[in-house]
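It should be emphasised that the depicted structure is a prediction, and the values quoted were computed from it without experimental measurement. For the single chain, residues carry numbers from 1 onward in sequence order. Below, each value reflects all heavy atoms present in this structure, side chains not excepted, and no hydrogens, waters or symmetry copies.
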Amino acid sequence: MGRGRVQLKRIENKISRQVTFSKRRTGLLKKANEISILCDAEVGLIVFSSKGKLFEYSSDSSLDNTLERYEKYSQADRQLIPNDFGLQGSRTLDQPKLMARVEVLQRNLRNCAGEELDPMSLSELQRLEQQIDSALKRIRSRKSQLSQEYISQLQKKVNLKRGELERALQEHNILLAKQLKEKEKSGIRNTQLEEQNHGQNPSIQQPPSQSLPMISLPSLTLRDTQAEESETQIQAQAQARSANNMSIPHWMISIARK
């Protein structure tokens with residue numbers, strides 16, 4: 001299945017644009033090398049990326065030779081076209097001025113970065129300091145504006161979170177209140193049912209607990225009847241023995257013992 005036709009427009013995604021540039025650049029350099037070998041042609045290729053990085057290719061030993069050859073042929077073409085001569089001549093005359101302007105701007109950038117300050121005079125240093133101060137003021141004002149916007153966004157987020165938390169707490173409190181009401185209603189129903197059951201079965205009702213008065217009972221001393229009977233029998237036997245001893249003579253008692 002063939003690849004679909006690519007629409008030629010700027011790629012908005014930065015990563016996709018960089019990947020496409022890398023792939024197409026490699027293919028372009030490959031095609032330039034192939035045409036120079038197959039067709040014995042002198043090819044010079046210059047590519048600047050979006051970040052200003054230079055990529056070049058030359059079938060000759062040096063790209064400068066190809067550029068010089070190009071300048072010769074372009075000048076010859078300009079001579080053949082007299083209408084464009086004035087325009088091209090003005091461009092060649094303005095080129096040194098533009099180069100000098102570029103050099104001045106680059107030097108100013110280096111001076112703002114704190115480089116190459118030795119050749120500058122006192123007035124130039126003061127003017128540079130004023131420029132840097134004014135630039136710092138603009139930077140600080142922009143920074144404060146961005147910080148205030150960021151703080152306001154954070155406050156909005158905090159307020160939203162707080163509102164959500166308050167709503168959740170209110171809903172939870174409402175749910176707890178409903179649960180408490182249901183428990184109270186169920187407790188009232190249980191008490192009513194218990195009262196009805198007690199009313200139907202009065203025998204089950206327990207009398208209220210009342211403190212009974214303490215009754216002091218007289219202390220009774222009970223004697224064991226068997227012990228008394230044994231004591232009376234022992235006393236009777238002892239009396240009988242004493243009586244028999246008194247009636248029997250002493251010598252008979254001694255004989256009986258022998």
Side-chain angles (χ1 to χ4, degrees), residues 6-29 32 44-58 62-64 66-68 70-71 74-75 78 83-171:
V6 179
Q7 187 177 2
L8 294 178
K9 66 176 184 179
R10 183 177 181 273
I11 299 172
E12 297 296 334
N13 191 355
K14 186 176 180 181
I15 297 172
S16 299
R17 186 168 65 246
Q18 186 66 27
V19 172
T20 305
F21 173 77
S22 179
K23 291 181 179 179
R24 296 290 179 103
R25 182 199 67 210
T26 304
L28 184 61
L29 294 174
L45 179 63
I46 299 173
V47 179
F48 286 96
S49 66
S50 59
K51 295 182 180 180
K53 192 174 181 180
L54 173 64
F55 300 94
E56 62 182 11
Y57 171 79
S58 177
S62 177
L63 185 62
D64 295 332
T66 306
L67 291 174
E68 288 177 0
Y70 170 75
E71 287 292 335
S74 63
Q75 288 177 4
R78 284 196 297 269
N83 293 329
D84 296 338
F85 178 74
L87 182 60
Q88 295 294 334
S90 63
R91 288 179 180 176
T92 56
L93 291 175
D94 291 338
Q95 185 176 1
K97 294 180 181 179
L98 293 174
M99 294 296 292
R101 181 62 178 168
V102 169
E103 182 64 26
V104 171
L105 292 174
Q106 289 178 353
R107 187 174 64 252
N108 290 333
L109 289 174
R110 289 192 294 270
N111 293 331
C112 290
E115 299 176 357
E116 299 181 4
L117 300 176
D118 294 335
M120 296 181 68
S121 62
L122 180 62
S123 60
E124 290 176 351
L125 289 172
Q126 289 177 354
R127 185 168 60 254
L128 179 63
E129 186 179 3
Q130 291 176 359
Q131 291 176 358
I132 293 172
D133 289 337
S134 61
L136 285 173
K137 288 179 181 178
R138 290 193 296 270
I139 291 169
R140 290 193 183 104
S141 63
R142 179 59 180 168
K143 181 181 176 182
S144 62
Q145 183 181 0
L146 291 175
S147 62
Q148 289 177 358
E149 291 177 357
Y150 182 70
I151 291 169
S152 62
Q153 290 177 0
L154 287 178
Q155 289 178 352
K156 289 179 181 178
K157 290 180 180 179
V158 169
N159 292 329
L160 288 173
K161 293 291 185 182
R162 186 179 297 171
E164 292 177 357
L165 182 60
E166 289 178 354
R167 285 194 295 271
L169 289 174
Q170 289 178 358
E171 292 176 357

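Put simply, the side chain of V104 reaches to within 4.5 Å of the side chain of R107, judged on heavy atoms. At least one side-chain heavy atom of F21 sits under 4.5 Å from a side-chain heavy atom of S49.
Here R10 pairs with E12 in a salt bridge; the nearest charged N to carboxylate O distance falls below 4.0 Å.
The side-chain hydrogen bond (donor to acceptor under 3.5 Å, both in side chains) analysis of residues 117-127, with sequence neighbours excluded, yields the pairs S121-S123. Listed by first then second residue, pairs satisfying side-chain hydrogen bond (donor to acceptor under 3.5 Å, both in side chains) with a partner in residues 13-22 read N13-S16, not counting sequence neighbours.
Between the CG atom of L29 and the CD atom of E56 there is a distance of 10.0 Å, given to the nearest 0.5 Å. Taking CG of N111 as the start and CD of Q106 as the end, the distance is 12.0 Å to the nearest 0.5 Å.
With sequence neighbours excluded, the residues satisfying side-chain contact (heavy atoms from CB on, under 4.5 Å) with L125 are L117, M120. For K143, the side-chain contact (heavy atoms from CB on, under 4.5 Å) criterion is met by no residue, not counting sequence neighbours. For L67, the side-chain contact (heavy atoms from CB on, under 4.5 Å) partners two or more places apart in sequence, or in a different chain, are I46, L63, D64. Every residue was checked against the ring pair (Phe, Tyr, Trp, His ring centres under 6.0 Å) condition with Y70, not counting sequence neighbours, and none meets it. Residues passing the side-chain hydrogen bond (donor to acceptor under 3.5 Å, both in side chains) test with R110 are E116, sequence neighbours excluded.
Heavy-atom neighbours of L146 CG from other residues, nucleotides or ligands within 6.0 Å: above the threshold of 12.
Nearest heavy atom pair, residue L128 against residue C112, reads CD1-SG, 3.8 Å.
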Without placing hydrogens or testing angles, list every side-chain donor-acceptor pair under 3.5 Å for residues 129-140, not counting sequence neighbours.
from, atom 1, to, atom 2, distance (Å)
S134, OG, Q130, O, 3.2
S134, OG, Q131, O, 2.7

Acceptor/donor pairs from residues 154-166 side chains to any protein atom, 3.5 angstrom cut, sequence neighbours excluded:
from, atom 1, to, atom 2, distance (Å)
N159, ND2, Q155, O, 3.0

